[in-house]
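Just so you know, these numbers come straight off a predicted model, no measurement behind them.
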Amino acid sequence: MRYPTILLDLDHTLLDSDASEKAAFEQTLRAVGVQEPAAYVDDYRRINLALWKRVEHGELRPQDVRNLRFEALIKERNINADAADMADRFVHGLGANGNLYDGALLLLQSLSESASLALVTNGLSEVQRARIARTGIEMFFDAIVISGEVGTAKPGTDIFDITFEALGTPDKAGALMVGDSLSSDIQGGVNYGIDTCWYNPHGKPLDRPELVTHEILTLKDLLKVVL
């Protein structure tokens, strides 16, 4: 194989996190008495994205996002609810909703037959572990590294050090980081000195082509890259 070591992101790469988030958000807001959750989605997404950017920059821990996003939403939209209670409901919903993208399971089956796979994801442990267990993908990975468990996140290099140690310190020259996020997955791979593969199913423009070694529009295209 061209890449005997493959690091894969989870959210928006293997799993439909948009569907997971949408269902969890609606369930959470309706549970605290909000009848039109859709009217709050844009504010939530803006707040949540800003907080995760701070995680990427090392300013916050992944676990900090759990409650902070709802504290900010409650304050901004004057919602009569408890942030910790909303966070608990939301985290449960994130783990319980959302499926793998079409072709993701077959891809993992195929890759795991000839490569060493690691799942490297920025997220909360309780959410990602529930998703991994529910979708049954744990068996395909030689290492699973979740930022909320190890206290460091992509694009920092520490999370890659942890991953490579768990994999037995493979040669970086044969390693590939695959993910949808240029700022997290792809920049992280670049920072660590390994090749990158940008999963870009929506055909977004690429402003910094020097970051990307490979670009794919479908998951099955990854097989052409690694074989």
Side-chain angles (χ1 to χ4, degrees), residues 3 5-25 27-28 48 51-52 55-56 61-66 69 87-156 158-168 170 175-181 184-186 188-189 197 199 201 216 218-220 222-223 226:
Y3 295 105
T5 304
I6 303 172
L7 284 58
L8 290 149
D9 176 48
L10 179 62
D11 294 318
H12 307 290
T13 299
L14 298 174
L15 185 126
D16 187 350
S17 304
D18 288 334
S20 173
E21 184 180 66
K22 181 177 184 294
F25 189 75
Q27 293 164 3
T28 298
N48 188 57
L51 289 172
W52 280 110
V55 171
E56 291 181 8
R61 300 171 303 163
Q63 195 68 17
D64 295 332
V65 178
R66 191 185 193 278
R69 54 193 170 192
D88 288 343
R89 294 177 184 275
F90 187 63
V91 162
H92 174 77
L94 287 175
N97 292 284
N99 297 313
L100 296 175
Y101 288 129
D102 290 343
L105 195 60
L106 288 176
L107 174 69
L108 292 175
Q109 290 172 339
S110 179
L111 292 176
S112 65
E113 291 174 357
S114 50
S116 179
L117 303 185
L119 189 66
V120 187
T121 173
N122 285 357
L124 303 179
S125 176
E126 56 200 313
V127 173
Q128 305 302 58
R129 288 293 176 183
R131 288 169 164 172
I132 292 165
R134 182 170 52 80
T135 55
I137 61 174
E138 183 172 6
M139 68 179 74
F140 300 113
F141 293 99
D142 300 288
I144 294 176
V145 182
I146 301 170
S147 65
E149 294 180 352
V150 299
T152 183
K154 298 173 290 185
D158 287 350
I159 194 169
F160 289 91
D161 278 334
I162 293 167
T163 301
F164 270 65
E165 182 177 355
L167 293 174
L176 181 71
M177 178 68 225
V178 183
D180 69 292
S181 171
S184 174
D185 307 315
I186 304 306
C197 181
Y199 176 51
I216 57 174
T218 69
L219 288 176
K220 67 180 181 180
L222 181 58
L223 292 175
V226 303

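Side chain of Thr121 to backbone of Ile146: no donor-acceptor contact under 3.5 angstrom is found. Using a distance-only test at 3.5 Å, with no hydrogens or angles considered, no donor-acceptor pair links the side chain of Arg66 to the main chain of Val91. Judged by distance alone, with hydrogens and angles left aside, the side-chain atoms of Arg89 form no donor-acceptor pair with the main-chain N or O of Gln27 at under 3.5 Å. Thr13 places a side-chain N or O within 3.5 Å of a backbone atom of Asp180 that can act as its donor or acceptor partner.
Between Leu167 and Ala143 the shortest heavy-atom distance is CD2-CB, 3.8 Å. Between Phe141 and Leu119, the shortest heavy-atom contact is CD2-N, 3.4 Å. Between Phe164 and Ala175, the shortest heavy-atom distance links the atoms CZ-CB, 3.6 Å. Nearest heavy atom pair, residue Ala130 against residue Gly95, reads CB-CA, 3.8 Å. Closest approach of Thr152 to Ile159, counting heavy atoms only: O-CD1, 3.4 Å. The nearest pair of heavy atoms linking Arg131 to Leu94 is NE-O, 3.1 Å.
Side-chain contact between Leu105 and Ile137 is present, with heavy atoms from C-beta onward closer than 4.5 Å. At least one side-chain heavy atom of Leu222 sits less than 4.5 Å from a side-chain heavy atom of Leu111. Side-chain contact check for Ile144 versus Gln128: every heavy-atom pair is 4.5 Å or farther apart. In this structure, the side chains of Leu14 and Thr135 stay at 4.5 Å or more apart for every pair of heavy atoms. Inter-residue side-chain proximity for Leu51 and Val55 is flagged as unmet; no heavy-atom pair is nearer than 4.5 Å. The shortest side-chain heavy-atom distance between Lys154 and Phe160 falls under the 4.5 Å cut-off. You'll find the side chain of Arg129 stays beyond 4.5 Å of the side chain of Leu124, heavy atoms only. Side-chain contact between Leu15 and Leu10 is present, with at least one heavy-atom pair separated by less than 4.5 Å.
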Practice problem: Run the numbers on Met177 and Asp9 for side chain to side chain contact (heavy atoms under 4.5 Å, CB included), then give the verdict. | Solution: CA-CA 8 Å; Met177 178 68 225; Asp9 176 48; 4.2 Å; yes
Quiz item: Does the side chain to side chain contact (heavy atoms under 4.5 Å, CB included) test come out yes or no for Leu8 and Val178, once each step is laid out?
Solution: CA-CA 5 Å; Leu8 290 149; Val178 183; 3.8 Å; yes
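Note that CD of Glu21 is 10.5 Å distant from CG of Asp16, once rounded to the nearest 0.5 Å. The OG atom of Ser181 sits 10.5 Å away from atom CG of Asp11, with the distance rounded to the nearest 0.5 Å. A distance of 8.5 Å separates OG of Ser125 from CD1 of Ile132, quoted to the nearest 0.5 Å. Separation of atoms CG (Asn122) and CH2 (Trp52) is listed at 6.5 Å; rounding is to 0.5 Å. Interatomic distance, Asp102 CG to Lys220 NZ, rounded to the nearest 0.5 Å: 11.5 Å.
Counting non-hydrogen atoms of neighbouring residues, nucleotides and ligands closer than 6.0 angstrom, the CG atom of Asp64 exceeds 12 such neighbours. Counted within 6.0 Å of NE2 on His12, heavy atoms from surrounding residues, nucleotides or ligands total more than 12; the atom is thus considered enclosed.
The side chain to side chain donor-acceptor pair (under 3.5 Å) analysis of residues 104-117, with sequence neighbours excluded, yields the pairs Ser116-Asp142.
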